[in-house]
Number of protein chains: 2
Amino acid sequence: MDDAQAGTTGLRERKRAQTRRAIVDAALARFTEQGFSPTTVEQIAADAGIAPRTFFHYFPSKEDVVLADHDGRLARLREVLARRPADEAPLAAVRAALLEVADDYLEERDRLLVAARIMAGAPTVLARSLERQTHWEEAIAEVVAVRLGVDVVRDVRPRLVAAVTLAAMRVTQRAWLAAGGTDDLPERMADALDLLERGLGSIADQPV
Amino acid sequence: MDDAQAGTTGLRERKRAQTRRAIVDAALARFTEQGFSPTTVEQIAADAGIAPRTFFHYFPSKEDVVLADHDGRLARLREVLARRPADEAPLAAVRAALLEVADDYLEERDRLLVAARIMAGAPTVLARSLERQTHWEEAIAEVVAVRLGVDVVRDVRPRLVAAVTLAAMRVTQRAWLAAGGTDDLPERMADALDLLERGLGSIADQPV
DNA sequence: CTGCAAGATTGCAGTCACTGCAAGTTTCCG
DNA sequence: CGGAAACTTGCAGTGACTGCAATCTTGCAG
């Protein structure tokens, strides 16, 4: 009732969310201070006020704590994609959805910056992150396939579009974070998507 | 002298290559038969006729055995990229290099198929593979930056081009393997690269 | 409000990947 | 031939992660 989420928020649910947040906060603090690899689950658990064993009831691995928001964002992407008008062109739908989701990123800038810094020094976290991005690819590919009226398995184009656009988004976000995340992310992404639609052949034309 | 590689092939070097191959063969066999995760390093070592500890003198992790050829291929890519004429346009150089490297893939089809099958059931291997692909990105981005006369750090375009083209290559290769790897991979890749150069706006035009 | 079912926490014991170290062995090369 | 350098191996240890079973908490029906 007083919470932001859906209607029913029982004690149980609230407590769980609270513990989860405690774990994430504790973990990110440790990772930032002493690095990812040297930090043990035991330490994180202690900081979060739980037993080590309990940690694994919340996250399947240490790396997943850094990517805690991933599932939520994927759900959001699917949701936004589904809400797009049916007569919209495939690329336009994907573009609009990605830009809409990018808006959320602006508010999470600080959290993203922290995650990016951790990832820079922890290859396994980056690896996991990239692997998760394939779920985004899948979501986008399906939408493109439907709108293109083809089968995802038989026609390469849906996956091609999905992979390519997401790669562009990834690089753009990375550059945005590297620049401090102060400027307009959606605008950067729009530029990148423009380039893709227009074709890489025009790469030398203007300095983005 | 009798080996394919460079001039001097001492006993040491030859033996090392032989052991390495034994490990890869043993590992891939096990992974295929009983799955990646259930296979232990101990088993692989036993099959390859070495001590478990020695395994880690050859590969830093279990997943890396599946991607054993990665380093060599990356070196090959750099090499091919470096050999491209200096006056060639950035995209043309990258395109030519990727197509050239794709030729090698044809001969390694069987090995690639095995690796792909293992990866399909082992997320951590896929993760590692994607992470390694960032090294390819780096290599390509640098070349594009030089040919574009810009700085890799300040201008997003080099990384953008690199990430996008590699994403396309990845999806194309995947589709090729899924189809059994019998048809012409370079042709598939050329088609994908054409699409990128022409722009995704033309996605609905022809069925690739 | 009471009691039971479902869910959550925890400890325990165990497996396995991976590491540093040091001792022993093999290859290289002058 | 003899020592330097590289390779192999065993040992001991750390730490992520899992299954199991006991215990406790919350939700809900009566």
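To find a chain, count down the sequence lines: A is the first, B the second, and so on, and within it residues start at 1.
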Take Ser129(A) and His70(A) through the test side chain to side chain contact (heavy atoms under 4.5 Å, CB included) and record every step on the way to the result. CA-CA 9 Å; Ser129(A) 171; His70(A) 233 80; 4.2 Å; yes

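Remark on DNA chain C: of its neighbouring residues Phe55(B) and Arg12(B), the 5'-side contact belongs to Phe55(B), judged by nearest-heavy-atom nucleotide.
Residue contacts for Thr39(B): at a heavy-atom cut-off of 4.0 Å it reaches the sugar-phosphate backbone alone, with no base atom in range.
One atom, CZ of Arg128(A), and another, P of dA16(D), lie 15 Å apart when rounded to the nearest Å. With rounding to whole Å, Arg14(A) atom CZ is found 16 Å from dG7(C) atom C1'. Atom CD in Glu13(A) sits roughly 13 Å away from atom C1' in dT26(D) (whole-Å rounding). For His57(A) and dT23(D), the NE2 to C1' distance is 13 Å, given to the nearest whole Å. Between Phe56(A) atom CZ and dG15(D) atom P the separation is 13 Å, expressed in whole Å. One atom, CG of Asp64(B), and another, C1' of dA17(C), lie 13 Å apart when rounded to the nearest Å. Put simply, CD on Glu63(B) is 15 Å from P on dC16(C), counting in whole angstrom units. dT9(D) atom P lies 14 Å from atom CD of Glu42(B), rounded to whole Å.
OP1 or OP2 of dC7(D) has not a single side-chain nitrogen or oxygen of Tyr58(B) nearer than 4.0 Å. OP1 or OP2 of dT9(D) lies within a sub-4.0 Å distance of a side-chain N or O belonging to Thr54(B). When the side-chain nitrogen and oxygen atoms of Lys15(B) are compared with OP1 and OP2 of dT27(C), one or more of them lie within a distance under 4.0 Å.
The side chain of Arg53(A) sits closest to dT10(C) out of dA6(C), dT10(C), dC18(C). Of the candidates dT9(D), dT10(C), dC18(C), the closest approach to any side-chain atom of Ile50(A) belongs to dT10(C).
Side chain Arg16(A) to base dG7(C): no donor-acceptor pair is found below 3.5 Å.
The nucleotide dG30(D) finds its pairing partner in dC1(C), both defining distances of the Watson-Crick or G-U wobble pair being shorter than 3.5 Å.
Proximity of a side-chain donor or acceptor of Arg78(B) to a complementary backbone N or O of Ala139(B) within less than 3.5 Å is not detected.
A heavy-atom distance below 4.5 Å is not found between the side chains of Asp103(A) and Leu99(A). Between Asp194(A) and Arg95(A) the shortest side-chain heavy-atom distance falls below 4.5 Å.
For the pair Asp104(B) and Arg73(B), the salt-bridge criterion is not met [side-chain N within less than 4.0 Å of a carboxylate O].
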